[in-house]
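To start, the structure itself, in structure tokens.
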Amino acid sequence: MAVISIIVPCYNEEASLPFFLPEIKKVADHMSAAYSVNLDILFINDGSKDNTLAVLRDAAAHDSRVRYLSFSRNFGKEAAMYAGFQNCVGDYAAVMDADMQDPPSLLPQMYEILQTGEYDSVATRRVTRKGEPPIRSFFARSFYKLINKISDADIVDGARDFRLMTRQMVDAILSLCEYNRFSKGIFGWVGFRTKWLPYENIERVAGESKWSFWKLFLYSLEGITAFSTAPLAIASIMGVILCFIAFLFICVILVKTLAFGDPVGGWPSTMCVILFLGGIQLFCIGILGQYLAKTYLETKHRPIYIIQETNEILTRKE
Ligand code: UDP
Ligand code: MG
């Protein structure tokens, strides 16, 4: 019997889990009856500060299909997904949010598409950004346009992390063991044939989104530095342009001085040039710094997450 691992990162989801758990169990029952596949439901408690862990303990105790890993602190959704991939056992794996924004009811359809053998992964993208502030949509769209221009990872606008994929693709994702993870890019980078299912944006069932505008902005920078080195070229390009402008200036000043003498003055213009160049130099050093910081973090080879508790080790000890 084939097994599908469902990876569910949870951070402060005690309010949404009571909605999610019955729904995923319903889908699991349906799938084992209709397609004879078993679901292995793996929750990752990402250092929640509420009662999520207690809810998961209870769920695992009452249903053998449910497993959980609990981190020693909040490591972020990227780390939670990586832990899920590392610890999942299925022939297929799917990542799913706990807030019902990724409807479990889509799973049978996704599985059927994979069964045709034409695709290695079925991913979802939302076609509308209903319920989202317009300014956020604008920045999100601009980000996708930019990153697709400057990197070779194919990152789809509106793509969610919700996707079902084959074991082969999971192993490929695991082979990218970088510390600074940007899954939207990693999924595209590893390639394979992906079918996109468009669907309407759904509001989360309970609790609130963990993503503020600022967090999303930093995450987008993460995506750019992780998948493109184009910003590093900015310094060279600006340098060339400025050299050209400087050359024109020198010519103008030379002619002016030879023709009209050399009257003292021009302090404001000198200040403007100094400030302008100073700004550009700091900006470029900043970009260098960003890449250096990422390299620094990678070279430490720190673990991406630390597990404090799981129902499996506990049962093994007993
Ligand atoms: N999440 C997580 N760790 C975090 C933040 C979020 O595991 O540090 C989980 C969260 O519990 C949810 C999923 O990632 O299951 C998506 O989070 P959220 O719904 O806040 O994001 P959005 O859907 O608004 O993009
Ligand atoms: Mg959500």
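None of these values were measured; they are calculated from a predicted model. Whatever order the structure lists them in is the order used to number ligands and atoms, beginning at 1. Note that the numbering runs from 1 along the sequence shown for the chain.
For atom 23 (O) of ligand 1, the nearest non-hydrogen atom of the protein is Gln101 OE1, 2.6 Å. In terms of protein heavy atoms, atom 21 (O) of ligand 1 is closest to Trp211 CD1, 3.0 Å. Scanning all protein heavy atoms for the shortest distance to atom 9 (C) of ligand 1 gives Pro9 O, 3.6 Å. Of the protein's non-hydrogen atoms, Lys210 N, 2.7 Å is the one closest to atom 20 (O) of ligand 1. In this structure, the protein non-hydrogen atom closest to atom 18 (P) of ligand 1 is Arg204 NH2, 3.4 Å. For atom 1 (N) of ligand 1, the nearest protein heavy atom (residue, atom name, distance) is Tyr11 CB, 3.7 Å. The nearest protein atom to atom 24 (O) of ligand 1, hydrogens excluded, is given as Ser209 OG, 2.6 Å; this is a heavy-atom distance. The single protein non-hydrogen atom nearest to atom 14 (O) of ligand 1 is Lys77 CD, 3.2 Å, given as residue, atom name and distance.
Taking every heavy atom of Arg160 and a limit of under 4.0 angstrom, the matching atoms of ligand 1 come to 23 (O). Taking every non-hydrogen atom of Asn74 and a distance limit under 4.0 Å, the qualifying atoms of ligand 1 come out as 3 (N), 4 (C), 8 (O). Below 4.0 Å from some heavy atom of Asp99 lie the following atoms of ligand 1, by number and element: 19 (O), 23 (O). Shown in contact with Glu13 at under 4.0 Å from a heavy atom are these atoms of ligand 1, numbered in order with element: 10 (C), 11 (O), 12 (C), 15 (O). Residue-ligand proximity, Asp46 to ligand 1, at heavy-atom distances under 4.0 Å covers atoms 2 (C), 3 (N), 4 (C), 7 (O), 8 (O). Against a heavy-atom cut-off of under 4.0 Å, Cys10 is close to the following atoms of ligand 1: 7 (O), 11 (O).
Protein N/O/S atoms found under 2.8 Å from the Mg ion (ligand 2): Asp99 OD2, Gln101 OE1.
Side-chain contact check for Tyr119 versus Met110: every heavy-atom pair is 4.5 Å or farther apart. Ile186 places a side-chain heavy atom less than 4.5 Å from the side chain of Phe227. By the 4.5 Å heavy-atom criterion applied to side chains, Asp91 and Thr166 are not counted as neighbours. Contact of the Ile287 side chain with the Tyr291 side chain is registered, since non-hydrogen atoms from C-beta on lie closer than 4.5 Å.
Residue Phe138 is found in a hydrophobic cluster whose other members, listed by chain and number, are Ile135, Phe139, Phe213; membership requires side-chain heavy atoms under 4.5 Å apart, directly or through intermediates.
With sequence neighbours excluded, the residues forming a side chain to side chain contact (heavy atoms under 4.5 Å, CB included) with Glu298 are Glu178, Tyr179, Asn180, listed by chain and number. With sequence neighbours excluded, the residues satisfying salt bridge (charged side-chain N to carboxylate O under 4.0 Å, His left out) with Asp29 are Arg65.
Distances from ligand 1 to the non-hydrogen atoms of Met96 include no value under 4.0 Å.
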| request: Begin with the C-alpha distance, continue with both residues' side-chain angles, and end with the deciding distance and a verdict on side chain to side chain donor-acceptor pair (under 3.5 Å) for Arg160 and Thr124. | output: CA-CA 6 Å; Arg160 294 193 55 87; Thr124 53; 5.3 Å; no
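At under 3.5 Å, not a single nitrogen or oxygen of Ala80, backbone or side chain, sits near a nitrogen or oxygen of ligand 1.
Between Phe217 and Trp214, the ring-plane angle classifies as parallel under the 30° and 60° cut-offs.
In terms of heavy-atom proximity, Pro22 sits nearest to Leu17 at CD-O, 4.1 Å. Between Asp40 and Gly90 the shortest heavy-atom distance is OD2-N, 4.5 Å. Nearest heavy-atom pair across Tyr68 and Ala60 is CD2-CB, 3.8 Å.
Contacts between Asp97 and ligand 1, counted as non-hydrogen atom pairs separated by less than 4.0 Å, involve both the backbone and the side chain.
Residues Arg73 and Asp46 are not paired through a salt bridge, judged by the lack of any N-O separation under 4.0 Å between the basic side chain and the carboxylate.
Checked by atom type and distance alone, the side chain of Asn87 pairs as donor or acceptor with a backbone atom of Ala83 at under 3.5 Å.
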